Number of protein chains: 2
Amino acid sequence: MAEHAQEALFRPVRAGNAFEETVERLMQSIRLGVVAPGERLPSERDLATRLGVSRVTVREAIRSLQENHYVESRRGRYGGTFVNEVLPKSAPAKDFGDLHDVLTLRRVLETGAAETAAGRSLGPAERRGLRARLEEASTSTLAEYRRKDSRLHLAIAEVTGSAALTAAVAESRMRANELLDHIPLLEPNLAHSNAQHERVIASILDGDPGAARQAMAEHLDGTASLLRGFLSV
Amino acid sequence: MAEHAQEALFRPVRAGNAFEETVERLMQSIRLGVVAPGERLPSERDLATRLGVSRVTVREAIRSLQENHYVESRRGRYGGTFVNEVLPKSAPAKDFGDLHDVLTLRRVLETGAAETAAGRSLGPAERRGLRARLEEASTSTLAEYRRKDSRLHLAIAEVTGSAALTAAVAESRMRANELLDHIPLLEPNLAHSNAQHERVIASILDGDPGAARQAMAEHLDGTASLLRGFLSV
DNA sequence: CTCCAAAGGTATGTCTGCGAGCCATTGGCT
DNA sequence: AGCCAATGGCTCGCAGACATACCTTTGGAG
(Lines give C-alpha, C1' and ligand atoms only; values in the text may rest on other atoms or scores of the structure.)
Protein backbone atom coordinates (compact mmCIF):
# COMPACT_ATOMS: atom_id res chain seq x y z
CA MET A 1 0.00 0.00 0.00
CA ALA A 2 1.23 3.48 -0.83
CA GLU A 3 2.40 4.61 2.55
CA HIS A 4 2.48 8.38 2.58
CA ALA A 5 -0.64 9.29 0.66
CA GLN A 6 -2.60 7.64 3.43
CA GLU A 7 -1.89 10.50 5.76
CA ALA A 8 -3.88 12.75 3.47
CA LEU A 9 -6.71 10.36 2.72
CA PHE A 10 -7.17 8.91 6.17
CA ARG A 11 -7.07 12.25 7.94
CA PRO A 12 -10.03 13.03 10.24
CA VAL A 13 -13.32 13.38 8.38
CA ARG A 14 -14.41 16.28 10.55
CA ALA A 15 -12.35 19.11 11.95
CA GLY A 16 -14.52 19.29 15.08
CA ASN A 17 -18.13 19.01 16.13
CA ALA A 18 -20.90 20.99 14.47
CA PHE A 19 -20.77 23.70 17.09
CA GLU A 20 -17.03 24.26 16.78
CA GLU A 21 -17.10 24.35 13.01
CA THR A 22 -19.96 26.81 13.05
CA VAL A 23 -18.09 29.12 15.41
CA GLU A 24 -15.09 28.82 13.12
CA ARG A 25 -17.06 29.88 10.08
CA LEU A 26 -18.71 32.86 11.70
CA MET A 27 -15.37 33.91 13.12
CA GLN A 28 -13.85 33.65 9.65
CA SER A 29 -16.52 35.84 8.11
CA ILE A 30 -15.76 38.50 10.71
CA ARG A 31 -11.98 38.20 10.79
CA LEU A 32 -11.71 38.15 7.02
CA GLY A 33 -13.90 41.22 6.79
CA VAL A 34 -16.72 39.63 4.83
CA VAL A 35 -19.06 41.03 7.47
CA ALA A 36 -17.61 44.34 8.64
CA PRO A 37 -17.99 45.93 12.09
CA GLY A 38 -21.44 47.46 12.50
CA GLU A 39 -22.93 45.17 9.87
CA ARG A 40 -25.48 42.46 10.47
CA LEU A 41 -25.00 38.74 10.10
CA PRO A 42 -27.67 36.82 8.21
CA SER A 43 -30.59 35.78 10.43
CA GLU A 44 -30.25 32.65 12.52
CA ARG A 45 -32.75 30.78 10.36
CA ASP A 46 -30.89 31.86 7.24
CA LEU A 47 -27.51 30.83 8.63
CA ALA A 48 -28.88 27.48 9.76
CA THR A 49 -30.04 26.76 6.21
CA ARG A 50 -26.87 27.94 4.50
CA LEU A 51 -24.48 26.24 6.89
CA GLY A 52 -26.50 23.04 6.84
CA VAL A 53 -26.76 22.99 10.60
CA SER A 54 -29.68 23.27 13.03
CA ARG A 55 -30.76 26.62 14.34
CA VAL A 56 -29.98 25.46 17.85
CA THR A 57 -26.36 24.93 16.86
CA VAL A 58 -26.19 28.32 15.15
CA ARG A 59 -27.51 29.96 18.29
CA GLU A 60 -24.96 28.22 20.48
CA ALA A 61 -22.22 29.43 18.15
CA ILE A 62 -23.55 32.99 18.22
CA ARG A 63 -23.81 32.84 21.99
CA SER A 64 -20.15 31.90 22.10
CA LEU A 65 -19.27 34.89 19.89
CA GLN A 66 -21.32 37.16 22.15
CA GLU A 67 -19.49 35.96 25.23
CA ASN A 68 -16.23 36.76 23.48
CA HIS A 69 -17.48 40.22 22.50
CA TYR A 70 -17.41 39.69 18.75
CA VAL A 71 -21.11 40.36 18.19
CA GLU A 72 -24.27 41.58 19.88
CA SER A 73 -27.82 40.50 19.18
CA ARG A 74 -31.01 42.56 19.18
CA ARG A 75 -34.52 41.19 19.06
CA GLY A 76 -37.50 42.32 17.03
CA ARG A 77 -38.01 43.04 13.38
CA TYR A 78 -34.97 44.85 11.95
CA GLY A 79 -33.06 43.27 14.82
CA GLY A 80 -30.41 40.63 14.30
CA THR A 81 -26.84 39.86 15.25
CA PHE A 82 -24.40 42.70 14.66
CA VAL A 83 -20.61 42.71 14.50
CA ASN A 84 -19.08 44.91 17.21
CA GLU A 85 -17.16 48.01 16.19
CA VAL A 86 -14.30 47.07 18.47
CA LEU A 87 -13.15 43.48 18.09
CA PRO A 88 -11.17 41.44 20.65
CA LYS A 89 -7.56 40.51 20.08
CA SER A 90 -7.07 37.17 18.41
CA ALA A 91 -6.85 33.94 20.35
CA PRO A 92 -3.53 32.87 21.90
CA ALA A 93 -0.97 31.24 19.64
CA LYS A 94 -1.61 27.76 18.36
CA ASP A 95 1.08 25.33 17.27
CA PHE A 96 3.39 26.49 14.54
CA GLY A 97 4.32 22.98 13.50
CA ASP A 98 2.51 23.23 10.20
CA LEU A 99 4.06 26.52 9.14
CA HIS A 100 5.43 24.99 5.96
CA ASP A 101 2.08 23.38 5.30
CA VAL A 102 0.13 26.63 5.62
CA LEU A 103 2.55 28.68 3.55
CA THR A 104 2.86 26.11 0.79
CA LEU A 105 -0.86 25.77 0.32
CA ARG A 106 -1.40 29.51 0.49
CA ARG A 107 1.21 30.15 -2.16
CA VAL A 108 -0.25 27.57 -4.50
CA LEU A 109 -3.83 28.73 -4.07
CA GLU A 110 -3.28 32.45 -4.22
CA THR A 111 -0.77 32.59 -7.06
CA GLY A 112 -3.07 30.24 -8.94
CA ALA A 113 -6.06 32.45 -8.20
CA ALA A 114 -4.27 35.55 -9.41
CA GLU A 115 -3.19 33.83 -12.61
CA THR A 116 -6.65 32.44 -13.25
CA ALA A 117 -8.31 35.79 -12.55
CA ALA A 118 -6.01 37.50 -15.02
CA GLY A 119 -6.86 34.91 -17.65
CA ARG A 120 -10.58 35.62 -17.54
CA SER A 121 -12.43 38.41 -19.27
CA LEU A 122 -13.82 40.36 -16.37
CA GLY A 123 -17.06 42.31 -16.47
CA PRO A 124 -17.24 45.97 -15.44
CA ALA A 125 -18.76 45.12 -12.06
CA GLU A 126 -15.93 42.75 -11.28
CA ARG A 127 -13.31 45.27 -12.34
CA ARG A 128 -14.91 47.95 -10.19
CA GLY A 129 -15.07 45.54 -7.25
CA LEU A 130 -11.38 44.78 -7.47
CA ARG A 131 -10.45 48.47 -7.66
CA ALA A 132 -12.71 49.23 -4.71
CA ARG A 133 -11.09 46.57 -2.53
CA LEU A 134 -7.66 47.79 -3.55
CA GLU A 135 -8.60 51.32 -2.56
CA GLU A 136 -10.00 50.16 0.76
CA ALA A 137 -6.85 48.25 1.58
CA SER A 138 -4.52 51.06 0.62
CA THR A 139 -6.35 53.65 2.73
CA SER A 140 -6.89 51.46 5.77
CA THR A 141 -5.38 51.96 9.19
CA LEU A 142 -3.02 49.51 10.83
CA ALA A 143 -5.81 48.16 13.01
CA GLU A 144 -8.09 47.20 10.17
CA TYR A 145 -5.41 46.30 7.65
CA ARG A 146 -5.51 42.55 8.03
CA ARG A 147 -9.25 42.54 7.38
CA LYS A 148 -9.09 44.80 4.35
CA ASP A 149 -6.14 42.88 3.00
CA SER A 150 -8.05 39.62 3.29
CA ARG A 151 -11.07 41.12 1.57
CA LEU A 152 -8.90 42.11 -1.37
CA HIS A 153 -7.35 38.67 -1.67
CA LEU A 154 -10.75 37.05 -1.38
CA ALA A 155 -12.08 39.34 -4.09
CA ILE A 156 -9.34 38.09 -6.40
CA ALA A 157 -10.33 34.50 -5.70
CA GLU A 158 -13.97 35.35 -6.30
CA VAL A 159 -13.43 36.67 -9.81
CA THR A 160 -11.98 33.31 -10.85
CA GLY A 161 -15.60 32.18 -10.82
CA SER A 162 -14.77 29.08 -8.82
CA ALA A 163 -16.61 28.78 -5.51
CA ALA A 164 -14.40 25.89 -4.43
CA LEU A 165 -11.27 27.94 -5.05
CA THR A 166 -12.72 30.89 -3.15
CA ALA A 167 -13.57 28.66 -0.21
CA ALA A 168 -10.09 27.15 -0.23
CA VAL A 169 -8.48 30.59 -0.26
CA ALA A 170 -10.67 31.72 2.63
CA GLU A 171 -9.72 28.68 4.64
CA SER A 172 -6.05 29.07 3.85
CA ARG A 173 -6.03 32.79 4.69
CA MET A 174 -7.69 32.10 8.00
CA ARG A 175 -4.94 29.68 8.91
CA ALA A 176 -2.27 32.10 7.75
CA ASN A 177 -3.83 35.00 9.64
CA GLU A 178 -3.71 33.04 12.87
CA LEU A 179 0.05 33.01 12.48
CA LEU A 180 0.34 36.56 11.17
CA ASP A 181 -1.51 37.88 14.21
CA HIS A 182 1.52 37.01 16.26
CA ILE A 183 4.06 39.11 14.46
CA PRO A 184 4.16 42.91 14.44
CA LEU A 185 2.62 44.85 11.58
CA LEU A 186 4.67 47.94 10.74
CA GLU A 187 4.02 50.96 8.54
CA PRO A 188 6.82 50.16 6.07
CA ASN A 189 5.47 46.63 5.59
CA LEU A 190 2.07 48.10 4.92
CA ALA A 191 3.33 50.54 2.32
CA HIS A 192 5.32 47.79 0.63
CA SER A 193 2.30 45.55 0.68
CA ASN A 194 0.11 48.20 -0.91
CA ALA A 195 2.56 48.70 -3.73
CA GLN A 196 2.55 44.97 -4.40
CA HIS A 197 -1.22 44.87 -4.31
CA GLU A 198 -1.35 47.52 -6.98
CA ARG A 199 0.91 45.50 -9.25
CA VAL A 200 -1.17 42.38 -8.74
CA ILE A 201 -4.45 44.11 -9.49
CA ALA A 202 -2.99 46.00 -12.44
CA SER A 203 -1.77 42.73 -13.96
CA ILE A 204 -5.15 41.12 -13.46
CA LEU A 205 -7.00 44.04 -15.01
CA ASP A 206 -4.52 44.04 -17.90
CA GLY A 207 -5.18 40.36 -18.43
CA ASP A 208 -1.58 39.30 -17.95
CA PRO A 209 -1.64 35.96 -16.11
CA GLY A 210 2.11 35.53 -15.88
CA ALA A 211 2.65 38.97 -14.39
CA ALA A 212 -0.25 38.51 -11.99
CA ARG A 213 1.18 35.22 -10.79
CA GLN A 214 4.63 36.64 -10.30
CA ALA A 215 3.43 39.77 -8.54
CA MET A 216 1.32 37.69 -6.19
CA ALA A 217 4.20 35.29 -5.56
CA GLU A 218 6.50 38.15 -4.58
CA HIS A 219 3.82 39.60 -2.35
CA LEU A 220 3.27 36.33 -0.53
CA ASP A 221 6.94 35.48 -0.27
CA GLY A 222 7.44 38.75 1.57
CA THR A 223 5.11 37.93 4.41
CA ALA A 224 6.20 34.29 4.31
CA SER A 225 9.80 35.15 5.07
CA LEU A 226 8.68 37.57 7.78
CA LEU A 227 6.74 34.73 9.34
CA ARG A 228 9.55 32.25 9.10
CA GLY A 229 11.88 34.76 10.64
CA PHE A 230 9.70 35.54 13.62
CA LEU A 231 8.40 32.08 14.37
CA SER A 232 11.42 29.86 13.77
CA VAL A 233 13.53 31.50 16.47
CA MET B 1 -21.76 43.36 3.64
CA ALA B 2 -19.60 41.92 0.86
CA GLU B 3 -22.17 39.98 -1.09
CA HIS B 4 -20.39 37.34 -3.08
CA ALA B 5 -17.76 36.10 -0.69
CA GLN B 6 -20.58 34.92 1.52
CA GLU B 7 -21.33 32.05 -0.79
CA ALA B 8 -17.94 30.61 0.02
CA LEU B 9 -17.92 31.32 3.73
CA PHE B 10 -21.50 30.40 4.49
CA ARG B 11 -21.42 27.17 2.55
CA PRO B 12 -22.49 24.01 4.44
CA VAL B 13 -20.13 23.09 7.26
CA ARG B 14 -20.42 19.39 6.53
CA ALA B 15 -20.64 17.62 3.21
CA GLY B 16 -22.82 14.87 4.69
CA ASN B 17 -23.21 12.80 7.82
CA ALA B 18 -20.33 10.88 9.36
CA PHE B 19 -21.30 7.67 7.60
CA GLU B 20 -21.43 9.24 4.14
CA GLU B 21 -18.16 11.04 4.54
CA THR B 22 -16.48 7.88 5.75
CA VAL B 23 -17.73 5.93 2.74
CA GLU B 24 -16.46 8.75 0.55
CA ARG B 25 -12.98 8.60 2.03
CA LEU B 26 -12.62 4.86 1.77
CA MET B 27 -13.93 4.98 -1.78
CA GLN B 28 -11.37 7.66 -2.60
CA SER B 29 -8.51 5.60 -1.23
CA ILE B 30 -9.55 2.75 -3.50
CA ARG B 31 -10.46 4.71 -6.61
CA LEU B 32 -7.31 6.79 -6.41
CA GLY B 33 -5.22 3.67 -6.04
CA VAL B 34 -3.82 4.46 -2.62
CA VAL B 35 -4.96 1.00 -1.59
CA ALA B 36 -4.61 -1.26 -4.63
CA PRO B 37 -6.71 -4.34 -5.47
CA GLY B 38 -5.68 -7.30 -3.32
CA GLU B 39 -4.28 -5.05 -0.62
CA ARG B 40 -5.65 -4.64 2.87
CA LEU B 41 -7.25 -1.57 4.36
CA PRO B 42 -6.07 -0.53 7.82
CA SER B 43 -7.95 -2.32 10.61
CA GLU B 44 -11.33 -0.99 11.68
CA ARG B 45 -9.94 0.25 14.97
CA ASP B 46 -7.09 1.96 13.17
CA LEU B 47 -9.39 3.61 10.66
CA ALA B 48 -11.74 4.77 13.40
CA THR B 49 -8.86 6.52 15.13
CA ARG B 50 -7.39 8.07 12.00
CA LEU B 51 -10.70 9.24 10.56
CA GLY B 52 -11.84 10.56 13.92
CA VAL B 53 -15.02 8.55 13.78
CA SER B 54 -16.44 5.71 15.87
CA ARG B 55 -15.73 2.14 14.95
CA VAL B 56 -19.45 1.56 14.49
CA THR B 57 -19.50 4.18 11.77
CA VAL B 58 -16.41 2.71 10.11
CA ARG B 59 -18.05 -0.71 10.08
CA GLU B 60 -21.24 0.65 8.54
CA ALA B 61 -19.17 2.31 5.83
CA ILE B 62 -17.23 -0.90 5.15
CA ARG B 63 -20.47 -2.85 5.05
CA SER B 64 -21.69 -0.46 2.38
CA LEU B 65 -18.51 -1.04 0.36
CA GLN B 66 -18.96 -4.80 0.74
CA GLU B 67 -22.49 -4.63 -0.57
CA ASN B 68 -21.21 -2.74 -3.58
CA HIS B 69 -18.46 -5.31 -4.13
CA TYR B 70 -15.54 -3.00 -3.54
CA VAL B 71 -14.07 -4.97 -0.64
CA GLU B 72 -14.33 -8.23 1.28
CA SER B 73 -13.62 -8.82 4.94
CA ARG B 74 -12.01 -11.82 6.62
CA ARG B 75 -11.91 -12.51 10.34
CA GLY B 76 -9.07 -13.69 12.53
CA ARG B 77 -5.55 -12.53 13.00
CA TYR B 78 -3.99 -11.64 9.63
CA GLY B 79 -7.57 -11.07 8.48
CA GLY B 80 -8.91 -7.67 7.60
CA THR B 81 -10.76 -5.88 4.84
CA PHE B 82 -9.30 -6.44 1.37
CA VAL B 83 -9.85 -4.54 -1.86
CA ASN B 84 -11.38 -6.73 -4.56
CA GLU B 85 -9.34 -7.51 -7.66
CA VAL B 86 -12.26 -6.60 -9.89
CA LEU B 87 -13.89 -3.30 -9.03
CA PRO B 88 -17.41 -2.20 -9.97
CA LYS B 89 -18.01 0.52 -12.53
CA SER B 90 -18.29 3.99 -11.08
CA ALA B 91 -21.55 5.45 -9.90
CA PRO B 92 -23.93 7.09 -12.38
CA ALA B 93 -23.16 10.62 -13.50
CA LYS B 94 -23.69 13.42 -11.08
CA ASP B 95 -24.45 16.99 -12.09
CA PHE B 96 -21.95 18.65 -14.36
CA GLY B 97 -22.95 22.14 -13.27
CA ASP B 98 -19.68 22.77 -11.50
CA LEU B 99 -17.45 21.69 -14.36
CA HIS B 100 -15.70 25.04 -14.41
CA ASP B 101 -15.35 24.91 -10.65
CA VAL B 102 -13.71 21.49 -10.64
CA LEU B 103 -11.36 22.22 -13.51
CA THR B 104 -10.29 25.61 -12.19
CA LEU B 105 -9.42 24.28 -8.77
CA ARG B 106 -7.66 21.25 -10.21
CA ARG B 107 -5.51 23.39 -12.47
CA VAL B 108 -4.51 25.72 -9.67
CA LEU B 109 -3.70 22.93 -7.23
CA GLU B 110 -1.86 20.60 -9.54
CA THR B 111 0.21 23.14 -11.45
CA GLY B 112 1.07 24.65 -8.08
CA ALA B 113 2.02 21.26 -6.71
CA ALA B 114 4.27 20.51 -9.67
CA GLU B 115 5.99 23.86 -9.39
CA THR B 116 6.45 23.50 -5.63
CA ALA B 117 7.77 19.97 -5.98
CA ALA B 118 10.33 21.09 -8.52
CA GLY B 119 11.47 23.86 -6.19
CA ARG B 120 12.35 21.49 -3.37
CA SER B 121 15.51 19.48 -2.98
CA LEU B 122 14.22 15.94 -3.08
CA GLY B 123 15.80 13.03 -1.27
CA PRO B 124 16.75 9.80 -3.06
CA ALA B 125 13.69 7.98 -1.69
CA GLU B 126 11.37 10.65 -3.05
CA ARG B 127 13.05 10.65 -6.44
CA ARG B 128 12.79 6.89 -6.63
CA GLY B 129 9.14 7.05 -5.62
CA LEU B 130 8.31 9.49 -8.39
CA ARG B 131 10.11 7.40 -11.01
CA ALA B 132 8.36 4.26 -9.78
CA ARG B 133 4.92 5.87 -10.09
CA LEU B 134 5.77 7.15 -13.53
CA GLU B 135 6.83 3.68 -14.58
CA GLU B 136 3.65 2.15 -13.19
CA ALA B 137 1.48 4.62 -15.02
CA SER B 138 3.28 4.22 -18.32
CA THR B 139 3.06 0.43 -18.27
CA SER B 140 -0.52 0.19 -17.06
CA THR B 141 -3.48 -1.14 -18.98
CA LEU B 142 -6.48 0.93 -19.97
CA ALA B 143 -8.53 -0.55 -17.13
CA GLU B 144 -6.17 0.46 -14.39
CA TYR B 145 -4.93 3.67 -15.95
CA ARG B 146 -7.06 6.13 -14.04
CA ARG B 147 -5.87 4.65 -10.76
CA LYS B 148 -2.21 4.63 -11.68
CA ASP B 149 -2.50 8.12 -13.10
CA SER B 150 -4.00 9.38 -9.87
CA ARG B 151 -1.27 7.72 -7.84
CA LEU B 152 1.36 9.53 -9.87
CA HIS B 153 -0.33 12.89 -9.45
CA LEU B 154 -0.78 12.26 -5.73
CA ALA B 155 2.89 11.34 -5.45
CA ILE B 156 3.79 14.73 -6.92
CA ALA B 157 1.61 16.47 -4.35
CA GLU B 158 3.18 14.41 -1.60
CA VAL B 159 6.72 15.49 -2.32
CA THR B 160 5.73 19.12 -1.76
CA GLY B 161 5.81 18.16 1.90
CA SER B 162 2.43 19.78 2.52
CA ALA B 163 -0.24 17.44 3.88
CA ALA B 164 -2.95 20.03 3.32
CA LEU B 165 -1.96 20.39 -0.32
CA THR B 166 -1.91 16.63 -0.78
CA ALA B 167 -5.36 16.34 0.75
CA ALA B 168 -6.69 19.12 -1.48
CA VAL B 169 -5.27 17.45 -4.58
CA ALA B 170 -6.81 14.12 -3.60
CA GLU B 171 -10.17 15.74 -3.10
CA SER B 172 -9.94 17.63 -6.36
CA ARG B 173 -8.86 14.55 -8.34
CA MET B 174 -11.74 12.59 -6.94
CA ARG B 175 -14.18 15.18 -8.19
CA ALA B 176 -12.47 15.32 -11.57
CA ASN B 177 -12.40 11.53 -11.89
CA GLU B 178 -16.14 11.36 -11.38
CA LEU B 179 -16.46 13.40 -14.53
CA LEU B 180 -13.68 11.66 -16.43
CA ASP B 181 -15.31 8.28 -15.83
CA HIS B 182 -18.02 9.32 -18.23
CA ILE B 183 -15.87 9.96 -21.26
CA PRO B 184 -14.01 7.32 -23.24
CA LEU B 185 -10.36 6.61 -22.58
CA LEU B 186 -8.49 5.81 -25.76
CA GLU B 187 -5.04 4.43 -26.48
CA PRO B 188 -3.79 7.59 -28.21
CA ASN B 189 -4.85 9.71 -25.22
CA LEU B 190 -2.98 7.35 -22.98
CA ALA B 191 0.20 7.52 -25.00
CA HIS B 192 -0.01 11.29 -25.13
CA SER B 193 -0.64 11.43 -21.43
CA ASN B 194 2.38 9.27 -20.70
CA ALA B 195 4.62 11.52 -22.74
CA GLN B 196 3.39 14.53 -20.79
CA HIS B 197 3.91 12.72 -17.51
CA GLU B 198 7.50 12.12 -18.42
CA ARG B 199 8.09 15.79 -19.10
CA VAL B 200 6.48 16.77 -15.80
CA ILE B 201 8.53 14.32 -13.78
CA ALA B 202 11.73 15.15 -15.64
CA SER B 203 11.24 18.85 -14.89
CA ILE B 204 10.59 18.12 -11.23
CA LEU B 205 13.66 15.91 -10.94
CA ASP B 206 15.71 18.55 -12.75
CA GLY B 207 14.50 21.15 -10.28
CA ASP B 208 12.96 23.41 -12.91
CA PRO B 209 9.75 24.84 -11.38
CA GLY B 210 8.72 26.85 -14.41
CA ALA B 211 9.03 23.89 -16.76
CA ALA B 212 7.23 21.62 -14.31
CA ARG B 213 4.37 24.07 -14.02
CA GLN B 214 4.06 24.47 -17.75
CA ALA B 215 4.27 20.76 -18.48
CA MET B 216 1.58 20.06 -15.90
CA ALA B 217 -0.61 22.86 -17.25
CA GLU B 218 -0.45 21.41 -20.75
CA HIS B 219 -1.20 17.96 -19.42
CA LEU B 220 -4.27 19.13 -17.52
CA ASP B 221 -5.52 21.38 -20.28
CA GLY B 222 -5.58 18.37 -22.56
CA THR B 223 -8.02 16.40 -20.47
CA ALA B 224 -9.89 19.57 -19.57
CA SER B 225 -10.74 20.32 -23.17
CA LEU B 226 -11.69 16.69 -23.71
CA LEU B 227 -14.08 16.99 -20.80
CA ARG B 228 -15.56 20.25 -21.94
CA GLY B 229 -16.06 18.81 -25.38
CA PHE B 230 -17.85 15.70 -24.21
CA LEU B 231 -19.95 17.18 -21.46
CA SER B 232 -21.02 20.51 -22.86
CA VAL B 233 -22.89 19.00 -25.79
C1' DC C 1 -0.72 -29.12 20.52
C1' DT C 2 -1.69 -25.24 22.99
C1' DC C 3 -1.82 -20.52 23.47
C1' DC C 4 -2.76 -15.93 22.23
C1' DA C 5 -2.53 -11.66 19.63
C1' DA C 6 -5.02 -9.30 16.23
C1' DA C 7 -8.62 -8.96 13.48
C1' DG C 8 -13.81 -8.71 12.53
C1' DG C 9 -18.70 -9.09 14.87
C1' DT C 10 -22.09 -7.59 18.40
C1' DA C 11 -24.55 -5.14 22.14
C1' DT C 12 -25.67 -1.17 25.25
C1' DG C 13 -26.09 3.13 27.41
C1' DT C 14 -25.00 8.16 26.71
C1' DC C 15 -24.82 12.41 24.47
C1' DT C 16 -24.83 15.51 20.64
C1' DG C 17 -27.40 17.56 17.12
C1' DC C 18 -31.65 18.04 14.68
C1' DG C 19 -36.46 19.23 13.58
C1' DA C 20 -40.40 21.49 14.73
C1' DG C 21 -43.02 24.18 17.10
C1' DC C 22 -44.14 28.06 20.04
C1' DC C 23 -43.12 32.48 22.70
C1' DA C 24 -41.34 37.39 23.20
C1' DT C 25 -39.80 41.59 21.24
C1' DT C 26 -39.46 45.27 18.09
C1' DG C 27 -40.30 48.94 14.71
C1' DG C 28 -42.45 50.20 10.39
C1' DC C 29 -46.94 50.37 8.01
C1' DT C 30 -51.72 51.27 7.74
C1' DA D 1 -53.31 53.33 17.93
C1' DG D 2 -53.17 48.90 16.32
C1' DC D 3 -51.37 45.40 13.38
C1' DC D 4 -47.98 42.26 11.84
C1' DA D 5 -43.88 40.54 9.81
C1' DA D 6 -39.32 39.36 10.95
C1' DT D 7 -36.14 38.54 14.33
C1' DG D 8 -34.06 36.40 18.59
C1' DG D 9 -35.26 33.15 22.68
C1' DC D 10 -36.77 28.65 24.27
C1' DT D 11 -38.31 23.62 24.84
C1' DC D 12 -38.97 18.73 23.89
C1' DG D 13 -38.63 14.34 21.73
C1' DC D 14 -36.15 11.56 18.24
C1' DA D 15 -32.36 9.81 15.43
C1' DG D 16 -27.41 9.55 14.64
C1' DA D 17 -22.99 8.91 16.42
C1' DC D 18 -20.09 7.72 20.09
C1' DA D 19 -17.39 5.13 23.75
C1' DT D 20 -16.88 0.93 25.82
C1' DA D 21 -17.08 -3.54 26.63
C1' DC D 22 -17.29 -8.21 25.33
C1' DC D 23 -17.60 -12.28 21.87
C1' DT D 24 -15.79 -15.03 17.85
C1' DT D 25 -12.54 -16.38 14.53
C1' DT D 26 -8.05 -17.28 12.79
C1' DG D 27 -3.23 -18.64 12.07
C1' DG D 28 1.48 -18.15 13.68
C1' DA D 29 4.59 -18.70 17.81
C1' DG D 30 6.23 -21.40 21.40
Side-chain angles (χ1 to χ4, degrees), chain A residues 1 6 10-27 29-30 35 38-84, chain B residues 1 6 10-27 29-30 35 38-84:
Chain A
M1 178 157 39
Q6 288 189 34
F10 295 149
R11 73 189 187 283
V13 291
R14 344 206 100 169
N17 55 34
F19 164 74
E20 288 168 345
E21 291 195 46
T22 304
V23 170
E24 194 62 23
R25 283 295 184 78
L26 297 180
M27 200 88 124
S29 70
I30 296 171
V35 185
E39 289 187 336
R40 212 195 68 173
L41 288 173
S43 76
E44 293 177 355
R45 289 169 177 83
D46 191 4
L47 280 175
T49 304
R50 294 208 227 179
L51 298 177
V53 110
S54 81
R55 204 185 137 208
V56 180
T57 303
V58 169
R59 300 200 74 251
E60 283 168 355
I62 289 179
R63 170 104 70 104
S64 167
L65 292 185
Q66 287 170 349
E67 286 165 358
N68 290 291
H69 306 101
Y70 279 91
V71 299
E72 278 176 8
S73 296
R74 290 200 292 273
R75 308 227 305 205
R77 187 165 182 175
Y78 306 98
T81 300
F82 297 81
V83 177
N84 284 335
Chain B
M1 176 159 38
Q6 287 189 36
F10 295 148
R11 72 188 187 282
V13 292
R14 341 208 103 168
N17 56 34
F19 164 73
E20 289 169 345
E21 291 195 47
T22 304
V23 171
E24 193 61 25
R25 282 295 184 77
L26 297 180
M27 199 88 124
S29 71
I30 296 171
V35 185
E39 289 187 337
R40 214 195 67 175
L41 287 174
S43 76
E44 294 177 354
R45 289 168 177 83
D46 191 3
L47 280 175
T49 305
R50 294 208 228 178
L51 297 177
V53 109
S54 81
R55 202 184 141 209
V56 179
T57 303
V58 169
R59 299 200 75 252
E60 283 168 355
I62 288 179
R63 170 105 68 103
S64 167
L65 292 185
Q66 286 170 349
E67 285 166 358
N68 289 291
H69 306 100
Y70 279 90
V71 300
E72 278 176 8
S73 296
R74 291 201 291 273
R75 310 220 318 197
R77 187 167 183 173
Y78 307 98
T81 299
F82 297 81
V83 178
N84 284 335

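Every chain is numbered from 1 and lettered A, B, ... according to where its sequence line falls, protein lines coming before strand lines. Nothing here was measured: the structure is a model prediction, and the numbers come from that model.
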(request) Please check the phosphate of D/dG8 (OP1 and OP2 only) for any side-chain N or O of A/Thr81 closer than 4.0 Å. (result) yes
(request) Between B/Asn17 and A/Ile62, just flag the one whose closest nucleotide in DNA chain D comes earlier from the 5' side. (result) A/Ile62
(request) Indicate yes or no: does B/Glu21 engage B/Arg14 in a salt bridge with an N to O separation below 4.0 Å. (result) no
(message) What I'd like to find out is whether the side chain of A/Val71 reaches to under 4.5 Å of the side chain of A/Ile30, using heavy atoms alone.
(response) yes
Sequence neighbours left out, cut at 3.5 Å: what donor-acceptor pairs do the side chains of residues 72-80 of chain B make with other protein atoms?
| unit_1 | atom_1 | unit_2 | atom_2 | d |
| --- | --- | --- | --- | --- |
| B/Ser73 | OG | B/Gln66 | NE2 | 2.7 |
| B/Ser73 | OG | B/Thr81 | OG1 | 3.0 |

(message) Taking the side chain as everything from C-beta on, heavy atoms only, tell me whether A/Leu51 gets closer than 4.5 Å to B/Phe10.
(response) yes
(request) Supply the atom-to-atom distance A/Asn84 CG to A/Leu65 CG, rounded to the nearest 0.5 angstrom. (result) 10.0 Å
(message) For chain A and DNA chain C, what are the first and last nucleotides along the strand, 5' to 3', with at least one atom under 4.0 angstrom from a heavy atom of the protein chain?
(response) C/dG17 to C/dG28
(message) Tell me the closest heavy-atom pair linking B/Ser54 and B/Ala48, and the distance in Å.
(response) C-CB, 4.0 Å
(request) Give the rounded distance in Å between these two atoms: CG of B/Leu51 and C1' of D/dA17. (result) 14 Å
(message) Just to be sure I understand the rule, does A/Arg74 reach a base, reach only the sugar-phosphate, or reach nothing, if contact means heavy atoms closer than 4.0 Å?
(response) sugar-phosphate
(request) Give the rounded distance in Å between these two atoms: CZ of A/Arg59 and P of D/dC10. (result) 6 Å
(request) By nearest nucleotide on DNA chain D, pick out whichever of B/Arg75 and A/Gln66 is the more 5' one. (result) A/Gln66
(request) Check the distance between D/dT7's C1' and A/Glu72's CD and give it to me in whole angstrom. (result) 16 Å
(request) Check B/Leu47 against B/Pro42 and note the closest heavy-atom contact, atom names and distance. (result) CD1-O, 3.7 Å
(request) Take atom CD of B/Glu44 and atom C1' of D/dA17, then tell me their distance rounded to the nearest Å. (result) 16 Å
(request) Send over the distance from A/Leu47 CG to D/dG8 C1', rounded to a whole Å. (result) 12 Å
List, with names and distances, any nitrogen or oxygen atoms from the protein found under 3.5 Å away from nitrogen or oxygen atoms belonging to nucleotides 1-4 of chain D.
none

(message) Both B/Arg45 and B/Val56 contact DNA chain C. Which one's nearest nucleotide lies toward the 5' end?
(response) B/Arg45
(request) Answer yes or no: is there a donor N or O on one side and an acceptor on the other, between the side chain of B/Ser64 and the main chain of B/Glu60, under 3.5 Å? (result) no
(request) Give a yes/no on whether any side-chain N or O of B/Thr57 is located under 4.0 angstrom from OP1 or OP2 of D/dC18. (result) yes
(request) Provide, to the nearest angstrom, the distance between the OH atom belonging to A/Tyr78 and the P atom belonging to D/dG8. (result) 14 Å
(message) Please find the pair of heavy atoms, one from B/Arg25 and one from A/Arg11, that lie closest to each other, and give the distance.
(response) NH1-O, 2.6 Å
